[in-house]
Amino acid sequence: MKNFNYNVSTRILFGRGKINEIGKEVKKYGDKVLIVYGKGSVKRNGLFDVIINNLREYGIYVYELDNIDPNPRIDSVYKGAEICRKEGVKLILAVGGGSVIDCSKAIAAQANYCGDIWQDLYVEQKLQDLKSVLPVASVLTLAATGSEMNGNSVISNMHTNQKLAIGHDLLRPVFSILDPEYTFTVNQYHTAAGIVDILSHLFEQYFTPDHDGYLQNRMMEAMMKTVIEYGPIAYQELNNYEARANLMWTSSLALNGMVTYGKVSTDWATHGMEHELSAFYDITHGVGLGILTPYWMKYVLSKDTVHRFVEYARNVWNLSGNDEIELANLAIEKTREFFTSIGIPSTLEEVGIDGSKLEEMAEQATMFGALGCMKKLYKEDVLAIYKMAL
Ligand code: NZQ
Ligand code: ZN
């Protein structure tokens, strides 16, 4: 196991009714808050009013930035940072899914930054230049990204067809409220996309060619089994509290860093390939991952990587047999069947992506170098996987 400094600093308030603690928590940071939200779901399900009323009781002054897109745009970030600077905002409160939270983190960074964070941090990755940010907190409304408990932010620039990520401990939310009841209104499509995203985060950290990380891999198998158990229940019964609660807590634990502290490596190739699909075609992140993952698995399966697929087959899908490659292939099929059972398409064509930009996307996906560690994926490999997925 590698050395590590454990830091999962976000305070979590989990469960029914926890939203009523929002005013008390926000007040600790001051009395001017910028609430950031998406295209109206939080107004339609009543959450927004509950928050506003509670904040008023504590005498907190509220500014608003709405209309954040899924695959949030850098233009919204500049708008939010401007409000923070002008009004002296003390805390940014993201109310929504990963897009809203990621956008809020970027606003928090830009508000205290002299230059342009898009160019310096997202494009050039000069993360050492980020010295201070406004505090961010979140009220999570969709179980998927883990953004509520990590320091990552993924932002799109539609002018340049780029979707880029940064990760910094300063960007971890100071607190997040996770009330599963506020995820009841997430429709089947976004519920399924969230389920795939959670699983994909686990796959990216689980599928590594080394033989280390025994403890971490067992923790991840438990989380995968939880998603496989409760995902289809939430998909069928949108109001099932236990299913929503299990998905919500797994989404946070799957990508807050905990399961990879000490692991020798992680992969993240599928996310790298998917971000190009979203950058060029603005498709839903989890749907893109669901299409690509089984093709990626097939592509990276070899005698050097089969051991991890065998563990996956036996410990997650309870498959048995002695032929290792056969077991691995069965587990890959199970993965595809699971995605299909919750309505995830299996080809790019089904989401309107044809072959015309695959080469350009493969080029851009590998612009910082080869992707992944199960097998290093160069431009030709990424292109081959995109073509398998057509
Ligand atoms: O905009 P509104 O009206 O709020 O509707 C949203 C949006 O249309 C809706 N929604 C959210 N909560 C709802 C709800 N509808 C009804 N009831 C509710 N309670 O769901 C739609 C999708 O929301 P979005 O925030 O885009 O989804 P998600 O949480 O999957 O976030 C996706 C973004 O996060 C990035 C993705 O690339 C993508 O840009 N990621 C962020 C990561 C991170 N920060 O660690 C890691 C991930 O791998 C991912 O890349
Ligand atoms: Zn993801």
Side-chain angles (χ1 to χ4, degrees), residues 1-4 6 146 195-229 231 250 253-274 289-341 344 346 365-366 369-378 380-382 384-386 388-389:
M1 207 181 290
K2 279 197 322 187
N3 294 2
F4 58 86
Y6 182 92
I195 290 165
V196 176
D197 196 24
I198 301 169
L199 272 181
S200 176
H201 295 158
L202 295 164
F203 293 160
E204 301 279 23
Q205 302 169 94
Y206 178 83
F207 284 103
T208 57
D210 54 72
H211 289 264
D212 288 13
Y214 184 90
L215 169 65
Q216 294 88 337
N217 291 335
R218 301 297 82 77
M219 290 197 290
M220 285 192 267
E221 286 162 359
M223 291 183 203
M224 289 179 210
K225 287 172 85 109
T226 303
V227 178
I228 290 164
E229 174 71 20
T250 308
L253 296 180
L255 196 54
N256 65 9
M258 183 184 74
V259 293
T260 45
Y261 281 121
K263 261 201 88 153
V264 172
S265 53
T266 54
D267 192 90
W268 295 105
T270 314
H271 269 66
M273 293 188 289
E274 194 293 314
L289 292 171
I291 295 170
L292 294 176
T293 297
Y295 297 113
W296 169 82
M297 287 178 163
K298 279 194 186 145
Y299 195 83
V300 303
L301 172 60
S302 70
K303 66 175 182 5
D304 297 328
T305 60
V306 70
H307 61 280
R308 190 51 47 78
F309 282 100
V310 169
E311 287 182 356
Y312 173 60
R314 292 194 174 130
N315 299 342
V316 177
W317 291 107
N318 303 319
L319 297 169
S320 54
N322 293 326
D323 184 326
E324 294 201 325
I325 293 287
E326 200 175 295
L327 255 185
N329 277 313
L330 270 177
I332 296 172
E333 266 171 46
K334 280 277 186 193
T335 311
R336 170 63 75 207
E337 275 168 27
F338 178 76
F339 290 165
T340 305
S341 77
I344 297 291
S346 53
T366 50
L371 298 177
C373 67
M374 280 291 267
K375 174 177 167 55
K376 273 194 177 306
L377 303 181
Y378 296 92
E380 305 70 47
D381 303 295
V382 171
I385 294 171
Y386 285 151
M388 285 164 80

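Going from atom CD of E221 over to atom NZ of K225 covers 8.0 Å, rounded to the nearest 0.5 Å. Separating the CZ atom in F338 from the CG atom in L199 is a distance of 5.5 Å, to the nearest 0.5 Å. Here the OG1-NE2 distance, from T250 to H201, works out to 13.0 Å after rounding to the nearest 0.5 Å. Of the inter-residue distances, the one linking L215 atom CG with M220 atom CE reads 9.5 Å to the nearest 0.5 angstrom. Remark: I291 CD1 to T270 OG1 distance equals 12.5 Å, nearest 0.5 Å. Between L371 atom CG and K376 atom NZ the span is 9.5 Å, to the nearest 0.5 Å.
The main-chain N or O of S302 is found under 3.5 Å from a side-chain atom of T305 such that the two form a donor-acceptor pair. Not one N or O on the side chain of N329 forms a donor-acceptor pair closer than 3.5 Å with the backbone of E326.
Counting heavy atoms from C-beta on, the side chains of L255 and E204 never come closer than 4.5 Å. Considering only heavy atoms from C-beta on, M223 comes within 4.5 Å of V259 through its side chain. Two residues are said to be in side-chain contact when any heavy atoms from C-beta on lie closer than 4.5 Å; T366 and L377 fail this criterion. Counting heavy atoms from C-beta outward, T208 and V264 have side chains that stay 4.5 Å or more apart.
In summary, the side chains of Y261 and Q216 do not present any donor paired with an acceptor at a separation below 3.5 Å, with no hydrogens or angles considered. Counted by atom type alone, K263 and N217 present one or more donor-acceptor pairs between their side chains at under 3.5 Å.
Considering all non-hydrogen atoms of both residues, S200 and H271 come closest at OG-CE1, 3.1 Å. Here the closest non-hydrogen pair linking V382 and A365 is CG1-CB, 4.3 Å. Contact detail for D210 and H307: the closest heavy-atom pair is O-NE2, 3.2 Å. Of all heavy-atom pairs between T226 and A222, the closest is OG1-O, 2.7 Å. Contact record, C373 with P209: O-CG, 3.3 Å, taken as the closest heavy-atom pair. A pairwise comparison of heavy atoms in G321 and L327 identifies O-CD1, 3.4 Å as the closest pair.
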Please determine whether side-chain contact (heavy atoms from CB on, under 4.5 Å) holds for the pair L292 and Y386, giving the CA-CA distance in whole Å, both sets of side-chain angles, and the decisive distance to 0.1 Å. CA-CA 8 Å; L292 294 176; Y386 285 151; 4.1 Å; yes

Show the numbers, then the answer: is there a side-chain contact (heavy atoms from CB on, under 4.5 Å) between N318 and K334? CA-CA 11 Å; N318 303 319; K334 280 277 186 193; over 6 Å; no

Could you go step by step and tell me if T260 and F4 meet the side-chain contact (heavy atoms from CB on, under 4.5 Å) rule? CA-CA 10 Å; T260 45; F4 58 86; over 6 Å; no

Step-by-step side-chain contact (heavy atoms from CB on, under 4.5 Å) determination, L253 to M219: CA-CA 10 Å; L253 296 180; M219 290 197 290; over 6 Å; no

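A salt bridge is defined here as a Lys NZ or Arg NE, NH1 or NH2 lying under 4.0 Å from an Asp or Glu carboxylate O, and E311 with R308 meets this definition. Between R314 and E324 there is no salt bridge, since none of the side-chain N atoms of the basic residue sits less than 4.0 Å from a carboxylate O of the acidic one.
Ring planes of Y312 and F203: perpendicular class, angle over 60° (limits at 30 and 60°).
Between F207 and the options Y299, W268, F309, a ring-ring contact (aromatic ring centres under 6.0 Å, His included) holds for only F309.
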